[in-house]
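Notes follow once the structure below has been shown.
All ligand and atom numbering here is 1-based and tracks the order in the structure. Quick caveat, the model's predicted, so the values are computed rather than measured.
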Amino acid sequence: MKNPYKEEQSFNYEFGGPIGAFLTVLSLPPLVLILTHFASIGRITTDIFEIKNDIFGEFNLQKTLYCSLALIVWFGFQVLLERFLPCDIVEGVLLENGKKLRYRLNGHLAFWVTFLIVLIGYPSVEYSSNHGLHVVEFKPLPLHFLYDYYADLALASICLCTILSIYLYCKSFAKNALLAKGGNSGKKIYDFFMGRELNPRSFNESFDWKEFCELRPGLIGWAVLNAAFTSVQKQKLGYISGSMILVNIFQGLYVWDALFQERAILTTMDITTDGFGFMLAFGDLCWVPFLYSLQARYLVDHDPNLGVLALASIIFVNFIGYSIFRGANSQKDAFRRDPEGENVKHLQFLQTKRGTRLLTSGYWGMARKINYTGDWIMALSWCLVCGFDSIVPYFYAIYFGILLIHRSERDDHMCHNKYGNDWIKYKKIVPYRFIPGVV
Ligand code: NDP
């Protein structure tokens with residue numbers, strides 16, 4: 001059988017090549033720190049001294065080490081859940097070397113176990129000669145810590161992501177490592193950024209670093225940060241605002257959905273094509289938890305007190321976004337898994353010379369990246385809950401729009417390489433990218 005993931009293509013630099021990669025590695029970490037500061041003061045400031053004082057004013061090595069330790073414990077806890085909770089073993093897509101990797105999928109269970117602990121706390125254990133080792137009480141987690149040390153944790157996360165990326169880069173030189181096409185240019189900084197090895201693994205090849213980091217510590221960590229900000233808002237105001245409830249539900253649903261549909265990630269570009277380097281490690285473990293939680297962080301001290309009508313309208317916007325996002329992604333995933341499946345067999349498609357089929361009806365007949373549109377509409381609703389007093393919470397919708405446009409161009413380029421003339425034919429049948437009839 002023809003291997004559809006074996007592609008002939010020449011090397012093309014992305015993200016501005018080695019110079020772009022270098023500048024991105026240098027600029028994104030300070031951007032995270034600056035934005036966490038803006039979210040805490042609720043406005044943008046260009047006063048460099050104020051920013052420096054707030055972020056580094058009380059900086060000391062001990063605090064950063066303490067926060068790094070906290071993050072390592074968190075990461076280790078998620079690894080333990082991945083290792084010891086019951087799991088489904090699922091095969092990924094066919095790789096360039098003709099093999100399929102097996103993945104341990106139990107992210108959904110890990111999500112609920114983590115939240116159970118966030119809700120009921122951790123057990124305090126005591127030893128007595130009568131009862132032996134026993135649980136005395138459940139102590140609440142020190143969630144306030146995440147609010148008090150938000151910027152310090154972000155800084156610690158930047159350091160740890162850099163160390164992890166160096167480790168991954170060195171590991172990629174091991175014998176038999178399957179390299180990602182886009183991360184094997186021979187230019188060190190570029191490959192470090194893009195990720196050289198496609199699927200770095202440990203623990204006798206049973207632990208997949210990329211799949212784990214994509215879904216667990218950062219994504220679940222984001223939801224935990226939101227929960228922490230909610231508890232701090234309750235302590236400060238004496239109640240939880242409507243906006244805070246919505247941001248927790250919306251973003252919690254997004255995180256839960258990603259983990260509930262964990263196997264769908266195995267067919268996404270991140271897993272099938274991109275190497276695991278600084279771009280994904282930093283994105284998954286620092287950018288996502290610390291910047292996607294900006295709205296909840298902002299709401300602790302700057303809640304806009306939105307009325308019922310405003311909140312109801314935002315729920316409606318979110319619902320539209322989620323329906324498109326989930327509907328489109330599930331439809332493609334079901335079709336890729338089994339084109340003759342009950343829910344997708346009625347859909348029209350274009351049979352390609354590469355061997356796979358491209359959907360030309362249903363969600364994917366409306367626009368080629370309708371799933372991105374749904375995702376962006378949801379992103380907008382998360383920002384709207386913060387009202388219009390400041391542009392800071394809207395950073396997410398602005399950045400995410402740029403990311404999705406850029407990502408759609410990357411995917412278009414890759415699909416053109418994969419499918420050749422069939423891709424051109426497909427684009428004629430489905431001419432719109434994001435909004436049917438418009439763009
Ligand atoms: P897609 O899920 O859109 O996958 C793209 C691939 O799908 C293509 O390479 C092609 O691969 C296949 N495909 C494209 N068109 C068709 C078609 N008509 N019929 C069947 N298969 C098709 O891309 P992503 O992995 O980028 O995104 C997945 C989701 O994750 C999106 O909803 C996105 O919004 C979200 N996302 C969220 C991010 C965040 O930070 N919150 C970041 C990135 C993505 P092939 O033909 O080889 O199968």
Side-chain angles (χ1 to χ4, degrees), residues 2-7 9 92-96 214-215 218-219 222 250-251 253-255 257-258 261-262 264-274 279-280 282-289 291-293 321-339 344 347-379 382 396-397 399-420 422-423 425-434:
K2 192 176 167 195
N3 181 347
Y5 289 89
K6 186 158 186 156
E7 293 131 21
Q9 66 183 79
V93 297
L94 193 60
L95 296 171
E96 169 103 339
E214 283 268 304
L215 288 179
L219 214 55
W222 166 23
F250 292 164
Q251 299 186 350
L253 179 67
Y254 192 78
V255 171
D257 179 274
Q261 309 278 347
E262 189 176 8
I265 201 180
L266 303 184
T267 55
T268 62
M269 186 178 12
D270 289 4
I271 297 292
T272 60
T273 314
D274 289 333
M279 176 177 76
L280 285 184
F282 177 78
D284 295 340
L285 303 174
C286 180
W287 188 266
V288 167
L291 290 192
Y292 288 24
S293 59
Y322 182 74
S323 312
I324 299 172
F325 164 82
R326 181 46 38 230
N329 283 328
S330 298
Q331 197 169 65
K332 177 173 66 96
D333 190 52
F335 187 73
R336 276 284 170 263
R337 242 162 251 299
D338 176 14
V344 288
L347 294 171
Q348 292 164 10
F349 59 84
L350 176 76
Q351 179 64 55
T352 68
K353 294 193 186 69
R354 179 180 178 240
T356 46
R357 301 167 176 183
L358 290 170
L359 284 164
T360 54
S361 72
Y363 282 103
W364 296 84
M366 290 187 228
R368 300 192 301 274
K369 283 290 171 196
I370 194 103
N371 54 342
Y372 286 11
T373 310
D375 210 345
W376 189 81
I377 294 172
M378 273 195 291
W382 302 349
Y396 179 67
Y399 137 80
F400 198 48
I402 297 169
L403 177 139
L404 291 177
I405 292 170
H406 177 250
R407 197 174 164 96
S408 72
E409 274 158 15
R410 283 185 77 204
D411 193 46
D412 182 69
H413 182 74
M414 280 193 262
C415 286
H416 189 92
N417 280 333
K418 283 190 263 189
Y419 291 110
D422 284 330
W423 189 248
K425 210 189 290 177
Y426 165 68
K427 282 170 78 169
K428 281 198 180 124
I429 304 171
V430 187
Y432 296 103
R433 197 184 340 174
F434 296 118

Open item on the list: Taking the ring centre of each residue, are Tyr292 and Tyr254 less than 6.0 Å apart?
Closed with: no
Task: Where ligand 1 meets Asp375 - atom numbers and elements under 4.0 angstrom, heavy-atom basis - done: 32 (O), 33 (C), 34 (O), 35 (C), 36 (N), 37 (C)
- [ ] May I ask you to identify, for Met414, whether its side chain, its backbone, both or neither come under 4.0 Å of ligand 1 on a heavy-atom basis?
- [x] neither
Task: Residues forming a side chain to side chain contact (heavy atoms under 4.5 Å, CB included) with Pro431, sequence neighbours excluded - done: none
- [ ] Take Trp364 and Asn371, measure what side chain to side chain donor-acceptor pair (under 3.5 Å) needs, and give me the verdict at the end.
- [x] CA-CA 8 Å; Trp364 296 84; Asn371 54 342; over 6 Å; no
Task: Heavy atom of Phe325, distance to ligand 1 below 4.0 Å - done: yes
Open item on the list: Checking contacts here: is it the side chain or the backbone of Cys415 that comes within 4.0 Å of ligand 1, counting heavy atoms only? Could be both or neither.
Closed with: side chain
Open item on the list: So for ligand 1, is Tyr419 a polar contact partner (N or O within less than 3.5 Å, distance only)?
Closed with: yes
Task: Residue-ligand contact Phe349/ligand 1, heavy atom below 4.0 Å - done: no
TODO: From the options Lys332, Met378, Arg410, Lys418, select the one whose nearest heavy atom is closest to atom 2 (O) of ligand 1.
DONE: Lys332
TODO: Please find out if less than 6.0 Å separates the ring center of Trp287 from that of Tyr399.
DONE: yes
Open item on the list: At less than 4.0 angstrom from any non-hydrogen atom of Met269, what atoms of ligand 1 do you find?
Closed with: 25 (O), 26 (O)
Open item on the list: Test your reading of the structure: does Tyr399 have an N or O sitting under 3.5 Å from an N or O of ligand 1?
Closed with: no
Open item on the list: Less than 4.5 Å apart, side chain to side chain, heavy atoms only: is that true for Asp257 and Arg326?
Closed with: yes
- [ ] Measure from the side-chain N and O atoms of Ser293 to the backbone N and O of Trp222, and report whether any donor-acceptor pair falls under 3.5 Å.
- [x] no
Open item on the list: My understanding is that we take every heavy atom of each candidate and find the minimum distance to atom 38 (C) of ligand 1. Doing that for Trp376, Trp423, Phe400, which one comes out nearest?
Closed with: Phe400
Open item on the list: With the threshold set at under 4.0 angstrom, would you say Arg336 reaches ligand 1 through any of its heavy atoms?
Closed with: yes
Task: Aromatic ring pairing Tyr426/Trp423, orientation class (parallel under 30°, perpendicular over 60°, tilted between) - done: tilted
TODO: May I ask whether Lys369 has any heavy atom positioned less than 4.0 angstrom from an atom of ligand 1?
DONE: yes
TODO: Name all residues meeting the side chain to side chain donor-acceptor pair (under 3.5 Å) criterion together with Ser408; count only those two or more places apart in sequence or in a different chain, and write none if there are none.
DONE: Arg433
